Number of protein chains: 2
Amino acid sequence: MNTTIGWEFYRSFLGVLKEGSLSGAARALGITQPTAGRHIAALEEALGVVLFTRSQVGLMPTEIALALRPYAEAMESTAASLERTATSQGEGVRGVVRVSASDVIGVEVLPPIVAQLREQHPDLKVELVLTDRIHDLLRREADIAVRMMRPEQGQLVARRIGRIELGLYARKDYLSRHGEPRTVNELTSHSVIGYDQRSAFVRKTEKSVHGFSRDMFSLRTDNNLAQLALIRGGAGIGFCQVPIARRDDALTRVLAKKFSLQLETWVTMHEDLRNSPRCRATFDALVEGLQQYVA
Amino acid sequence: MNTTIGWEFYRSFLGVLKEGSLSGAARALGITQPTAGRHIAALEEALGVVLFTRSQVGLMPTEIALALRPYAEAMESTAASLERTATSQGEGVRGVVRVSASDVIGVEVLPPIVAQLREQHPDLKVELVLTDRIHDLLRREADIAVRMMRPEQGQLVARRIGRIELGLYARKDYLSRHGEPRTVNELTSHSVIGYDQRSAFVRKTEKSVHGFSRDMFSLRTDNNLAQLALIRGGAGIGFCQVPIARRDDALTRVLAKKFSLQLETWVTMHEDLRNSPRCRATFDALVEGLQQYVA
DNA sequence: TATCTGCTATACATTTATGTATGAACACGA
DNA sequence: TCGTGTTCATACATAAATGTATAGCAGATA
């Protein structure tokens, strides 16, 4: 019973999971609906399990199918990065490089760095994957990642950028209307912008700042960009990276001595990519650009 | 330019890399040589790179092909673990579980544990992957790993077993023939069994034991099982896990106070597998069995 | 209720991929 | 030097997978 299941089937399987129907998967994959149906049937036959419950509105994945999804996704991202590596081969900085970073970094910090990089290397294409989820570089969902924590996995090339300071900020006109808080407790009477879910960041802040708690947040969103926009829009007081806030004269820091958090910043890359010109160049550009940003 | 490269091609590609020829790959994959050739040709066409230089003795991989190999291997192991997970679905402890461990643990310690586990769960199949290489659980090359170091990767369920002591041992008849060394320096006149390459273990020992160096090894092999066999065969003095040595009355410890190294032992598993009955049962059995072994 | 849209499943034609057979080139050993 | 056992490449027949067309069902909409 040699593992003779066609890898194509997994691709169709993933397509159906993503699209929710045979027809949808067929459209997305560039095949036809009967073919997709046959692939699923063949896969179910080969694995000996039921993957979907058929219905006229689409295919409902079973628990088993959901359990298998991460594997299929891993295969997909690996295939994608194989292609990326292949098409980026050859001398010179060329091809596609995928960079993962938080949305704030991606929107506020990376654009000029990427712009300069592309100026120097016109044949280089850059894909930004903006998410807080720790992308698994080992799975090659991205080539290079900007992270706010020390990388723990082996097989990674990592360069420490330094610490990015985080502080509380508000627009001047907001403060002139509502007054500037002098103590942590005074924050209760303010519009404090913060997180919806009690994330690791919130717990860390609660520990380090006496008197602070999540209940103080009166404007809640887990989207960091939205928080930033709210601060800039004068909606209240919120957390912002100091270098970003400094660019905007309208923003003033609040309770600087109480709230000062440091984010360890690292740029990481899989060590296999060290000799890839495109990754090397991007890595170096990110390190240099981010160091300037931090300083 | 949608990524429309068939995943089957990658499988053939990997086959050719492993076997070194189209014919060999065809045999291994259960296809025919022309098909394998067509797959490679199609893949080269699609990627726009040359993967192999043809010759009548086989196909020589280019640098590019070698660079792509890890990706194809990742896909392969992911596909394999997808199958494993699928066929192990359903209630009850059934299916295949892959356990990674060092060869010594696998040969000397695991057998009775595995035997008892299979006694309790006859539908469970166990695959042992015996290697010192740190298997990447994230890549799912194995479901569960017995490791001699603290796991550093996230997304892992880890249980600490305790410390396994390592000591110097020799057969009594060897010692009666050659005398028992009383100091580290006296080892120079003995047949000391050790490692060929200067591994992390050797460097650690050189640091912790004054006067010790790799040059003392007069019987060298990187195969731990061979070292153990040499000790048991009375060929000299070597390192052995204390619990293993205690089983054999013919073995005596040497320089116990000088040489005493501790191996932190952990059992780890990907957290996704926590709810898999087969992995859960195996994990628990390993933890219990190893704890008894350590104690 | 009638109609539209989306879905799956089936029957049939066709394209595509695969296998079989064979030839030529090279390495190795008698 | 000549056979033997590899290998890859090509031509042709076959088997397999895919696409096309259509029927049937369910839910939404007017």
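All figures in this text were calculated on a predicted structure; none of them were measured in a lab. Naming: A, B, ... by sequence-line order, numbering from 1 per chain.
Counting all heavy atoms, side chain and backbone alike, B:Ile31 lies closest to B:Ser12 at CD1-OG, 4.1 Å. Of all heavy-atom pairs between A:Leu130 and A:Asp103, the closest is CB-CA, 4.0 Å.
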Output, in order, the C-alpha distance, side-chain angles, deciding distance and verdict of side-chain contact (heavy atoms from CB on, under 4.5 Å) for B:Phe283 and B:Val99. CA-CA 9 Å; B:Phe283 187 86; B:Val99 177; over 6 Å; no
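Listed by residue number, B:Ile31, B:Thr32, B:Pro34, B:Thr35, B:Arg38, B:His39 are the residues of residues 31-40 of chain B with a heavy-atom contact under 4.0 Å to DNA chain C.
Without hydrogens or angle criteria, B:Arg118 side chain to B:Leu124 main chain gives a donor-acceptor distance under 3.5 Å. In terms of modelled atom types and a separation under 3.5 Å, the side chain of B:Glu44 and the main chain of B:Leu51 share a donor-acceptor contact. With hydrogens and angles ignored, the 3.5 Å screen pairs no side-chain donor or acceptor of B:Thr78 with any backbone N or O of A:Met75. Here the side chain of B:Asp222 pairs no donor or acceptor atom with the backbone of B:Tyr195 at under 3.5 angstrom. A donor-acceptor pair under 3.5 Å is formed between the side chain of A:Gln227 and the backbone N or O of A:Gly194.
Summary for the helix from C:dT1-D:dA30 to C:dA30-D:dT1: the axes at its two ends, each from 5 pairs, differ by 20° when rounded to the nearest 10 degrees.
Here OG of B:Ser81 is found 10.5 Å from CD of B:Glu76. Values are rounded to the nearest 0.5 Å.
Atom P of nucleotide C:dT16 and atom CZ of B:Phe9 are separated by 13 Å, given to the nearest angstrom. Remark: P of C:dA17 and CH2 of A:Trp7 are 19 Å apart, rounded to the nearest angstrom. Between A:Glu19 atom CD and C:dT8 atom C1' there is a gap of 16 Å when expressed in whole angstrom units.
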Review item, nucleotides 3-7 of chain D N/O atoms under 3.5 Å of protein N/O:
unit_1, atom_1, unit_2, atom_2, d
D:dT7, OP1, B:Arg27, NH2, 3.3
D:dT7, O4', B:Gln56, O, 3.0

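For the pair A:Arg84 and A:Arg98, the minimum side-chain heavy-atom distance is below 4.5 Å.
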